[in-house]
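So that the names make sense, note that chain A is the first sequence line, chain B the second, and so on, each numbered from 1.
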2 protein chains.
Amino acid sequence: MTKIKDVAERAGVSTATVSRVLGNKPYVRDEVRARVMQAVEELNYRPNLVARSLRAQRSNTIGLIVADIRNPFFTDISRAVEDTAYSQDFSVFLCNTDEDPEKEALYIDLMRDENVAGVILAPTRKTAKNFTKMRLGYPTVVIDRSVPINDSSKHDLILIDNQDAAYRLTTHLIENGYKNIAGLFGKDSYTGKERHRGFIKALKENKMAIPDEYVRFVPSKKAAGCAAAQELFELKSPPDALLTTNSLFTAGVLEAAQESSLSIPADIALAGFDDAPWTTLVEPKITVIAQPTMEIGRSATELLLNRISEPDLLARKITLQGKLIARQSSASQV
Amino acid sequence: MTKIKDVAERAGVSTATVSRVLGNKPYVRDEVRARVMQAVEELNYRPNLVARSLRAQRSNTIGLIVADIRNPFFTDISRAVEDTAYSQDFSVFLCNTDEDPEKEALYIDLMRDENVAGVILAPTRKTAKNFTKMRLGYPTVVIDRSVPINDSSKHDLILIDNQDAAYRLTTHLIENGYKNIAGLFGKDSYTGKERHRGFIKALKENKMAIPDEYVRFVPSKKAAGCAAAQELFELKSPPDALLTTNSLFTAGVLEAAQESSLSIPADIALAGFDDAPWTTLVEPKITVIAQPTMEIGRSATELLLNRISEPDLLARKITLQGKLIARQSSASQV
DNA sequence: CATTTTTCTGAAATCGTTTACAATGCTTTC
DNA sequence: GAAAGCATTGTAAACGATTTCAGAAAAATG
């Protein structure tokens with residue numbers, strides 16, 4: 001592999017000059033600059049990024065730590081992150097934690113060891129809780145799940161207003177005439193808790209009963225959603241509407257409804273989070289809160305790159321709104 | 001950040017010894033080893049991977065270059081790759097090419113610049129064609145799309161038998177009584193071509209006509225699939241069955257059928273590639289060739305790590321079978 | 001007990017860059 | 001015409017690890 005020394009020799013200059021040319025530093029004569037560029041060209045020289053990273057103590061790599069890339073929410077985000085990073089000459093390390101705090105801790109450390117420029121992190125609940133005390137050692141943007149933030153915080157935050165979104169989704173069901181609304185919430189997730197709050201708020205405001213058995217906290221898996229739905233269907237007074245707080249749950253409920261030959265929305269209405277690609281393919285189409293995944297990914301990356309160049313920026317918090325898309329699955333019962 | 005020198009001082013040894021201990025090299029007294037480990041512990045030392053990579057000329061990072069992580073096929077593969085890599089202490093660079101050869105070339109170079117240990121690559125058609133002449137400079141495993149391979153090749157290949165899979169899927173439609181079968185194939189993809197071949201073979205063997213207008217090569221996008229399907233539906237002699245060669249097409253066709261109020265399989269049967277999570281949620285459930293994505297990802301990573309430790313291994317080619325899962329969308333018309 | 005072999009350890013070179021610092025020459029200024 | 005300033009370049013020291021080489025100590029051999 002050709003190195004900077006070869007280029008220097010060929011151009012008849014020192015390595016320092018080559019480095020200056022490549023780094024677009026001032027104080028190089030145009031003539032020399034041209035000669036160096038030509039040598040670079042002729043030798044097809046490409047700088048070794050590892051050496052650069054070591055010496056300059058910075059790199060053009062960022063980390064993206066999420067629970068599971070197969071969750072469409074994270075899939076879309078990661079795509080947006082990668083795109084935005086690419087456009088600014090950054091590349092992306094992908095890490096799946098499976099909501100396992102140990103795996104997450106490992107990756108958080110690994111990112112430091114790899115000397116990444118910064119990290120976009122969707123923390124597990126445990127990490128979110130301890131976040132303030134865990135000096136990560138690199139610029140960080142937290143997405144999807146809230147972490148404490150104060151004057152001395154050096155991280156940014158991008159969230160959607162989960163409580164509000166759940167509130168609106170629930171209200172939508174109420175307005176469409178549903179009386180007995182159950183909800184499925186992610187067991188180990190922060191968002192689950194917040195969405196639960198919005199759900200409760202809407203029900204209370206409308207003076208509706210909230211039977212304990214209608215509120216289920218289960219692991220964020222399709223199978224868990226399916227099982228929980230089955231149980232709900234078999235209650236002696238089953239709900240007439242169901243709110244799901246992620247697309248895996250929605251899929252599970254759909255499966256359960258099929259198995260029980262329940263028709264949506266006649267027997268049970270359905271409204272959920274995340275506008276997964278298939279929500280308009282099924283019959284009926286599913287009412288959802290669409291999270292602005294592209295924008296989350298893009299903004300997160302922009303905030304991060306911004307913070308990388310100015311690490312001491314004050315903490316910023318961006319709250320985005322989910323978008324309610326009403327479809328057949330929650331059509332009015334009147 | 002604490003470095004190896006700090007550890008060495010604390011343990012009262014040289015940095016060389018510390019390095020030996022951490023690298024599990026022989027020739028270190030147990031007593032010394034213990035002392036070093038303790039110092040490591042006490043200082044909470046973690047080796048700088050960038051420095052290690054520079055000096056040792058190897059790293060524990062691999063690259064994964066695919067067209068689009070949002071394609072469920074690649075989503076699943078990338079998850080499997082990341083998992084397998086993780087279990088062997090490797091981490092993964094994720095790159096989306098969007099089937100753009102330029103973007104791909106950029107990433108292929110970038111991976112070298114980053115000094116990755118190896119790359120798993122789903123090449124664009126252009127790259128697949130020129131593959132032999134393009135000395136990548138690192139161990140490579142090619143997945144999903146075929147590239148030439150010969151005695152001196154230093155890359156491995158993991159494919160599914162596309163022709164056979166398409167042949168079986170087509171035959172399945174024929175056996176279920178469909179007479180006028182159209183097919184949607186990926187325009188710029190190798191797999192599209194191969195699947196087309198299997199499609200044709202099945203039709204020929206059954207002495208069925210193959211009208212030109214029934215064979216469509218379109219870009220691998222949902223919208224393109226939808227549009228193509230619309231056109232097919234409006235032919236004066238429309239097909240009674242449709243074969244789609246990826247899940248985006250399948251989704252597009254489904255949408256087109258809904259818009260045209262065609263019922264599946266009564267008006268038109270549907271069978272496609274890739275068992276996307278939603279294929280069992282729609283009504284009717286979709287008949288598919290399920291590609292063994294987990295196994296592809298896992299095997300690719302294993303082959304790669306294997307080749308990283310022994311770069312001169314002969315080229316290996318693994319062909320996996322797609323699995324036909326018959327569902328309602330292609331139910332017999334009898 | 002002398003010699004050879006083997007085990008253990010450290011000094012210093014190295015990986016390929018960037019960058020602090022010094023050195024050079026050329027203008028400008030008075 | 002000397003002093004000062006600025007633009008331009010090179011020398012050499014980092015960055016933080018691994019690894020070669022050689023030397024010291026210990027063990028094995030005759």
Heavy-atom contact window of chain B on DNA chain D, given 5' to 3' at under 4.0 Å | dG16(D) to dT20(D)
For Arg79(A) and Ala67(B) the tightest heavy-atom approach is NH1-O, 4.1 Å
dA20(C) C1' sits how many Å from Lys25(A) NZ, rounded?
-> 12 Å
What integer distance in Å separates Asp6(A):CG from dG16(C):C1'?
-> 11 Å
Please list residues of residues 27-46 of chain A whose heavy atoms come under 4.0 Å from any atom in DNA chain D, ordered by number; otherwise none.
-> Tyr27(A), Val28(A), Arg29(A), Val32(A)
Does Lys154(A) come within less than 4.0 Å of Glu310(A), counting only side-chain N to carboxylate O?
-> no
In this structure, are over 12 heavy atoms from other groups packed under 6.0 Å from Met294(B) atom CE?
-> yes
In short, salt bridge (charged side-chain N to carboxylate O under 4.0 Å, His left out) pairs touching residues 45-64 of chain B with sequence neighbours left out are Asp109(A)-Arg46(B), Asp113(A)-Arg46(B)
May I ask you to check whether Tyr107(A) and Phe93(A) place their ring centers less than 6.0 Å from one another?
-> no
On DNA chain C, nearest-nucleotide positions of Val50(A) versus Arg58(A): which is more 5'?
-> Val50(A)
Are Glu302(B) and Arg316(B) within salt-bridge range, i.e. N to O under 4.0 Å?
-> no
How is Pro26(B) classified with respect to the nucleic acid when contacts are heavy atoms under 4.0 Å: base, sugar-phosphate, or nothing?
-> nothing
So what does Ser19(B) hit on the nucleic acid, given a heavy-atom distance under 4.0 Å: a base, only sugar-phosphate, or nothing?
-> base
Regarding Lys103(B) and the six-membered ring of Tyr86(A), is the cationic atom NZ or CZ under 6.0 Å from the ring centre and inside 45° of its axis?
-> yes
Which donor-acceptor pairs under 3.5 Å do side chains of residues 129-142 of chain B form with protein atoms, sequence neighbours excluded?
from, atom 1, to, atom 2, distance (Å)
Tyr138(B), OH, Ile108(B), O, 2.8
Thr140(B), OG1, Tyr138(B), O, 2.9

With a cut-off of 3.5 Å and sequence neighbours excluded, list every side-chain donor-acceptor pair involving residues 25-32 of chain B.
from, atom 1, to, atom 2, distance (Å)
Glu31(B), OE1, Arg35(B), NH1, 3.4
Glu31(B), OE2, Arg35(B), NH1, 2.9

Stepwise side chain to side chain donor-acceptor pair (under 3.5 Å) test for Thr127(B) and Glu104(B) | CA-CA 8 Å; Thr127(B) 300; Glu104(B) 183 186 34; 2.4 Å; yes
Heavy-atom closest pair, residues Ile62(A) and Thr301(A) = CD1-CG2, 4.2 Å
Protein-nucleic acid N or O pairs under 3.5 Å, nucleotides 12-15 of chain C:
from, atom 1, to, atom 2, distance (Å)
dT14(C), O2, Arg55(B), NH1, 2.5
dC15(C), O3', Gln57(B), NE2, 3.1
dC15(C), O2, Arg55(B), N, 3.3

Gap between atoms CZ and P, on Arg20(B) and dT9(C) respectively (whole Å) | 8 Å
